[in-house]
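Written out below as structure tokens is the structure these notes cover.
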Amino acid sequence: MLESIPLFPEQASSLAPEVDNLYFFVLAITGFFALLVAVLVVIFAIKYRDRTGNRVGAPITGSIPLELGWSIIPFFVSMAIFVWATVVFFHIVRPPDQTLEIYSTGKRWMWRFQHIDGQSEINELHVPLGRPVKVTFTSEDVLHSLYVPAFRVKADAIPGRYSSIWFTPTKTGQYHLFCAEYCGTKHSGMIGSVYVMDPDEYQAWLSGGGGLSMTARGEQLFQQLGCVSCHLNDGSGRGPSLAGKFGTQETLANGETVNVDDTYLRESILTPQLRLVAGYQPLMPTFQGLVNEEGVMSLIEYIKSLPAAPATGAATQTQAQGR
Amino acid sequence: MTTTVLPRVNYLNHEHGVASWLLTKDHKRIGILYLIVVAVAFFLGAIFAAGVRMELTTPQGDLVSADTYNKLFTAHGVMMVFFVLIPVVPAILGNFAMPLMIGAKDVAFPKLNLLSWYVFVIGFLFTIAALIFGGVDTGWTFYTPYSSTASNSNVMLTGLGVFIAGFSSILTGLNFMVTIHRMRAPGMTWFRLPLFVWAIYATALVQVLGTPVVAITVLMMALERALGFGIFDPRLGGDPVLFQHLFWFYSHPAVYIMILPPMGAISEVIACFSRKNVFGYSFVAFSSLAIAVFGFLVWAHHLFVAGISPYSAMVFSFLSFAVAIPSAVKTFNWTATLYQGAIWWRAPMMWVFGFIGLFLIGGLTGLFLASLGLDVHLHDTYFVVAHFHYIMVGGAIMGFLAGLHFWWPKMTGRMYSDGAATLSALLVFVGFNLTFGPQFILGYLGMPRRYHVYPDEYQVLNVLSSAGTSILGVGYTLTAVYLIYSLFRGERAGANPWLATGLEWNNTDSPPLPHNFSDLPVVSEGAYEYSKRGMKVA
Amino acid sequence: MPNGAAAHADHHGHHAHHPALQHHFESLEQQHEASTLGMWVFLVTEVMFFGGLLMAYLLYRVWYPGAWAEASLALDIVLGGINTAVLIASSFTMAMAVRAAQTGRHQHTVRWLILTMALGLTFLVIKYFEYAHKFELREVPGPDFEWHGQFPYQAQIFFSLYFGLTGLHALHMIIGVTLLAVITWMAAKGRFTPEWYTPVEMSGLYWHFVDIVWIFLFPLLYLVDRAHGVAQVGV
């Protein structure tokens with residue numbers, strides 16, 4: 001019976017041992033200080049007990065060296081924790097370069113995952129062993145938080161923004177996936193499982209069905225919504241060419257520069273006038289309401305997939321202005 | 001001592017009748033009025049907590065529905081945070097003892113003080129009304145956009161209750177701040193002030209600077225909900241996370257509104273029952289101010305996983321570690337105060353020992369959450385729940401009870417049973433650890449907070465936690481029983497049953513006179529000069 | 001306690017009780033100092049109160065400069081300007097009222113107070129017409145909000161903050177006028193002396209504070225990028 005009570009979560013990602021080592025370090029330090037004070041209090045309470053209530057203690061008022069000592073030593077100890085914890089944190093929030101991209105949207109009360117190759121799944125996430133995976137997600141309604149305890153990762157899903165988590169699974173199996181930010185009635189039902197599979201099995205699972213790949217769906221939307229009529233790949237259209245733009249910098253009409261990333265592309269589809277690229281008129285209508293979050297994600301995936309076209313015309317001009 | 005010649009007229013018996021209480025401008029009576037309302041709020045909050053813990057004994061949501069469960073933990077949080085923890089020490093013990101301790105006849109603005117109580121009661125009634133008309137399910141934090149768009153419970157009414165009660169806190173802080181500045185008796189210099197008064201002063205700073213911000217934030221949320229303002233609405237380009245920034249800008253310092261005054265009470269009790277000066281008086285005093293100031297700079301540590309930039313997370317993590325230092329300094333100084341003391345084991349001191357144990361754990365687990373790399377995993381899990389209960393209940397409520405047991409003879413003129421009080425401190429200590437200890441493990445395992453249904457493997461720890469609640473309940477009930485019993489059958493306390501220093505013990509009777517002192521006290525020495533009393537050194 | 005006894009005697013031997021001296025104070029000076037400090041602390045809480053809204057204002061202004069410029073142009077700078085002048089004038093009359101109370105000229109105090117109230121009411125009436133116009137144009141946040149510029153969504157946030165800030169300010173004006181009405185009545189009854197006119201002084205502090213808030217709100221709301229915006233409209 002006792003073995004069945006878990007006291008420690010499974011380690012199933014490359015980040016988990018890092019986080020756990022830090023945890024034990026902090027546990028050791030805080031445990032030491034807690035014991036130190038607790039033992040002293042108990043010893044003093046017993047040793048200096050006065051049953052009469054009629055005596056007074058020694059006339060001690062303080063000691064500057066002691067005060068300095070117990071301010072400065074804890075400060076340096078806490079700085080050691082701070083530095084280590086910050087290093088681990090940057091590992092958690094900085095994904096490596098080559099990751100398997102998965103998109104997700106949270107809404108009350110389910111998680112929908114969209115694989116690039118076309119499979120989508122609800123409250124289940126299949127990932128391959130040993131490969132860095134990055135899940136980019138947003139919320140369609142209120143705040144949620146995507147949390148996989150076995151991987152030690154978590155991030156809030158915020159409507160109107162993209163968040164992401166990344167992990168490299170190190171152990172096959174089935175793990176809990178939770179919503180960690182309170183979201184209403186069935187908050188505790190917004191849970192699911194992550195399945196870590198051997199790469200071969202994962203490939204088999206991937207090919208086991210699913211519709212259009214995200215890029216293909218994005219291309220479809222790009223045609224249907226009429227994006228293609230302005231955003232010509234050679235840069236001669238009324239809107240800027242999008243080919244090869246992802247991950248570059250763009251100069252805006254107000255002279256600022258912006259990184260062309262998921263967030264900027266999403267914003268430009270839904271509220272195009274907010275940060276207009278220099279050299280273009282504010283002609284683009286908003287697509288808010290015309291395309292859902294997954295559609296936006298597919299469009300972004302399509303734009304990412306466009307190879308850089310040979311620079312001509314307007315595109316060169318924009319680039320030149322940026323310098 | 002002058003007290004023996006005083007007539008037996010005191011603040012409790014010089015006027016009679018309900019009206020004499022409801023229209024009183026006496027800070028001591030107002031303190032008692034707060035005690036009554038806060039006790040009712042604590043009782044309600046405890047009932048809601050019991051509901052939550054009963055539901056969580058099984059993994060299935062089989063006792064109450066999901067909506068009811070969500071309303072239960074929200075009601076528990078709102079009740080305990082806004083109507084118990086924030087007023088419990090400043091409004092009850094602060095009101096009763098602070099003017100006595102500085103040698104004033106009353107607070108600076110007695111009418112405003114009474115008004116604060118009425119404002120508090122009105123806020124309380126609004127909140128009660130919200131609960132009666134179906135409750136509210138947003139959690140006590142009212143996060144947008146859930147609160148402003150999705151929830152269909154009584155958000156407005158609860159928000160209004162919290163908004164109104166906030167003004168009570170602002171006005172009390174203002175009143176105390178002016179009182180401490182302008183009403184001290186001749187000779188009562190800043191560095192002769194008892195440490196409780198320093199703590200109340202630091203708290204008043206936070207109340208005055210922080211509470212208005214949460215008031216306006218809750219108002220914006222309400223306007224958003226009622227009129228579609230859009231400030232926190234992502235569909236209009238608004239930012240739901242802005243609400244969290246504004247909310248925690250107040251609500252983190254509010255943690256210090258809850259813990260600083262109990263820390264002050266702890267300093268008083270330790271000095272008295274060790275018969276010593278508090279070790280490093282000025283460090284303890286200034287650490288209160290440091291906590292109050294730093295407390296305003298750490299709010300974003302509640303948002304480490306809410307999409308703030310990693311660099312600002314780094315800054316806030318650093319500052320959160322920094323704010324831990326003054327708390328550590330206090331703890332070390334309390335421990336050092338015991339050294340070579342003449343420690344008299346009476347009930348208030350037993351609560352202090354409990355406080356130190358629980359506050360140690362609560363404070364040190366805060367370091368886990370300030371650590372960025374750990375907070376990603378621990379945020380919004382039961383680890384956080386355990387941590388803040390150790391601070392808020394283990395720290396604030398234990399500290400309050402230490403102070404209440406200390407000043408009870410002064411407030412009522414009667415003694416309670418020391419044995420019963422010691423037993424109850426022990427029960428609360430054990431029950432508390434059993435309730436919240438397992439939650440640290442649950443949190444590291446990954447159990448998210450505010451879960452109605454949870455995976456089976458978490459059951460054993462949850463059952464332990466629920467079992468602890470019943471011990472805790474017995475402990476608190478026992479406290480209520482012997483305290484109420486003492487009102488009728490308790491021994492007469494006499495002016496200074498603890499042989500303590502301080503104007504409230506030495507310059508007036510128990511219970512004190514209607515206007516506190518027959519003669520204006522003149523102060524000529526520090527707060528804890530036990531060594532000058534001509535008693536034998538232990 | 002000999003010291004205590006001495007202090008006691010001193011307390012009673014001192015100047016005869018002023019009718020306004022409350023029992024828990026030792027002297028009028030102490031009472032006055034307490035009131036003054038209390039009022040300043042109260043004003044600090046007011047700054048924090050407006051601060052929450054101003055924080056939101058600042059954030060969105062940085063995020064959406066275009067929308068801010070566009071929406072700000074829709075505010076009536078003439079009415080806003082007149083109101084600014086009205087409030088500055090009312091600060092002057094309030095200061096004169098305090099001065100008159102200090103020098104013990106009751107009639108002057110009452111007259112200056114009435115003038116201050118009149119200016120305050122003028123401000124509120126003008127504000128009413130401004131609001132009414134916005135309601136006609138449906139530029140009031142909510143489901144009926146209409147905006148024909150480039151930034152309909154963000155403009156709504158601007159107007160939310162406009163109504164939030166000016167509404168809160170107007171509420172303070174209403175409270176201020178009510179307060180002055182009471183003070184005027186007290187002044188007419190001859191309650192104040194050069195020795196004790198604390199309520200007049202405190203109402204003055206409050207009134208100046210409310211004016212200063214407007215001095216911040218006017219440029220923040222009405223003058224966002226106005227020069228640049230006018231040039232654009234000119235083109």
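Lettering follows sequence order; numbering is per chain, from 1.
Other residues, nucleotides and ligands place more than 12 heavy atoms under 6.0 Å from the CZ atom of A:Phe8. The environment of CZ in A:Phe24 is crowded: more than 12 heavy-atom neighbours from other residues, nucleotides or ligands sit within 6.0 Å. Within 6.0 Å of NZ in A:Lys107 there are 12 or fewer heavy atoms belonging to other residues, nucleotides or ligands. The environment of A:Ile73 atom CD1 is sparse: at most 12 non-hydrogen atoms of other residues, nucleotides or ligands sit within 6.0 angstrom.
With chain B as the partner, the residue from A:Arg152, A:Arg94, A:Glu267, A:Arg49 showing the most heavy-atom pairs under 4.5 Å is A:Arg49. The candidate with the highest count of non-hydrogen atom pairs below 4.5 Å against chain B, out of A:Val148, A:Asp156, A:Leu270, is A:Asp156. For the set B:Pro455, B:Ser274, B:Gly526, the entry with the most heavy-atom pairs within less than 4.5 Å of chain A is B:Pro455. Comparing A:Gly160, A:Ser164, A:Ala34 by how many heavy-atom pairs each has under 4.5 Å with chain B, the most go to A:Ala34. When B:Leu445, B:Asp375, B:Leu338 are compared by the number of non-hydrogen pairs under 4.5 Å with chain A, B:Leu445 comes out ahead. Among B:Val376, B:Thr381, B:Ile441, B:Leu461, the residue making the largest number of heavy-atom pairs under 4.5 Å with chain A is B:Val376. Among A:Val42, A:Asn54, A:Val88, A:Val93, the residue with the largest count of heavy-atom pairs under 4.5 Å with chain B is A:Asn54. When each of B:Tyr530, B:Phe283, B:Tyr69, B:Tyr281 is scored by its heavy-atom pairs under 4.5 Å with chain A, the top score falls to B:Phe283. Note: A:Val37 leads A:Leu40, A:Ile46, A:Val37 in heavy-atom pairs under 4.5 Å with chain B. When each of A:Lys47, A:Arg108, A:Glu18 is scored by its heavy-atom pairs under 4.5 Å with chain B, the top score falls to A:Arg108. Looking only at heavy-atom pairs under 4.5 Å with chain A, the residue among B:Ala336, B:Pro326, B:Ser531, B:Ala306 that has the most is B:Ala306. In terms of heavy-atom pairs under 4.5 angstrom with chain A, the leader among B:Lys276, B:Lys532, B:Arg449 is B:Lys276.
Contact annotation for A:His176: only side-chain heavy atoms (C-beta onward) come within less than 4.5 Å of a heavy atom of chain B. For A:Thr52, the part sitting under 4.5 Å from any heavy atom of chain B is the backbone (N, CA, C, O) and nothing else. For A:Leu66, the part sitting under 4.5 Å from any heavy atom of chain B is the side chain, from C-beta outward, and nothing else. Both the backbone and the side chain of B:Thr335 come within contact range of chain A, with heavy atoms under 4.5 Å apart. Within the 4.5 angstrom heavy-atom criterion, only side-chain atoms of A:Ile191, from C-beta onward, approach chain B. Looking at B:Phe359, there are no atoms closer than 4.5 Å to chain A (heavy atoms on both sides), in backbone or side chain. Only the side chain of B:Leu499 comes within less than 4.5 Å of a heavy atom of chain A; its backbone N, CA, C and O stay farther away. At a 4.5 Å heavy-atom cutoff, the contact between B:Pro145 and chain A is made by backbone and side-chain atoms alike. For chain B, the nearby parts of A:Val26 are the backbone and the side chain; heavy atoms of each come within less than 4.5 Å. Heavy-atom distances place both the backbone and the side chain of A:Tyr23 under 4.5 Å from chain B. If you measure heavy-atom distances from A:Ser78 to chain B, the contacts under 4.5 Å come from both the backbone and the side chain. Interface remark: B:Ser287 contributes no atoms to any contact with chain A (heavy atom separation under 4.5 Å). With a 4.5 angstrom heavy-atom cutoff, A:Ile158 touches chain B only via side-chain atoms. Proximity to chain A (any heavy atom under 4.5 Å) is restricted, for B:Asp239, to the side chain, taken from C-beta onward. Contacts of A:Ile92 with chain B are made by side-chain atoms alone, with heavy-atom separations under 4.5 Å and no backbone atom involved. In this structure, the portion of B:Ile325 lying under 4.5 Å from any heavy atom of chain A is its side chain and not its backbone. No part of B:Ala324 comes within reach of chain A, as not one of its non-hydrogen atoms sits under 4.5 angstrom from that chain. Contact annotation for B:Tyr458: only side-chain heavy atoms (C-beta onward) come within less than 4.5 Å of a heavy atom of chain A. For chain A, no part of B:Ser282 is nearby; none of its heavy atoms comes within less than 4.5 Å.
Between the side chains of A:Thr185 and B:Asp67, at least one donor N or O lies within less than 3.5 Å of an accepting N or O.
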Stepwise side-chain hydrogen bond (donor to acceptor under 3.5 Å, both in side chains) test for A:Glu181 and B:His379: CA-CA 9 Å; A:Glu181 183 65 67; B:His379 186 80; 4.7 Å; no
Derivation and outcome, side-chain hydrogen bond (donor to acceptor under 3.5 Å, both in side chains), residues A:Tyr147 and B:His377: CA-CA 8 Å; A:Tyr147 178 33; B:His377 177 53; 3.1 Å; yes
Pair B:Gln340-A:Ile60, side-chain contact (heavy atoms from CB on, under 4.5 Å): steps then yes or no: CA-CA 8 Å; B:Gln340 292 200 357; A:Ile60 306 170; 3.9 Å; yes
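Residues A:Cys179 and B:Pro448 form no side-chain contact, since every pair of their non-hydrogen atoms from C-beta on lies 4.5 Å or further apart. Under the 4.5 Å side-chain criterion, counting only non-hydrogen atoms from C-beta, A:Glu67 is in contact with B:Phe279. Contact check for B:Ser317 versus A:Phe82: side-chain heavy atoms found under the 4.5 Å cut-off. Between A:Asp141 and B:Tyr146, every side-chain heavy-atom pair lies at or beyond the 4.5 Å cut-off. Using a 4.5 Å heavy-atom cutoff, the side chains of B:Tyr444 and A:Val19 are in contact. When side chains are defined from C-beta on, A:Asp50 does not count as touching B:Arg275, because their heavy atoms never get closer than 4.5 Å. Side chains of A:Tyr182 and B:Tyr451 form no contact here, defined as non-hydrogen atoms less than 4.5 Å apart. B:Phe318 is listed as a side-chain neighbour of A:Met79, based on a closest heavy-atom distance under 4.5 Å.
With rounding to the nearest 0.5 angstrom, the CZ atom of B:Arg450 is 11.0 Å from the SG atom of A:Cys183. Rounded to the nearest 0.5 Å, atoms CZ (A:Phe90) and CE (B:Met314) are 5.5 Å apart.
Residues meeting the ring pair (Phe, Tyr, Trp, His ring centres under 6.0 Å) test with B:Phe383, sequence neighbours left out: B:Phe368, B:Phe440.
A salt bridge does not link A:Lys154 with B:Asp380: every distance from a Lys NZ or Arg NE/NH1/NH2 to an Asp or Glu carboxylate oxygen is 4.0 Å or more.
The distance between the ring centers of B:Tyr454 and A:Phe178 does not fall below 6.0 angstrom. Taking the six-membered ring for Trp, A:Phe75 and B:Phe321 have ring centres at least 6.0 Å apart.
Ring planes of A:Tyr48 and B:Tyr339: perpendicular class, angle over 60° (limits at 30 and 60°).
Annotation: cation-pi pair A:Arg51/B:Trp345 absent, no NZ/CZ under 6.0 Å from the ring centroid and within 45° of its normal.
Screening B:Thr365, B:Leu360, B:Ile361, B:Leu364 for a side chain to side chain contact (heavy atoms under 4.5 Å, CB included) with A:Thr30, the sole residue that qualifies is B:Leu364.
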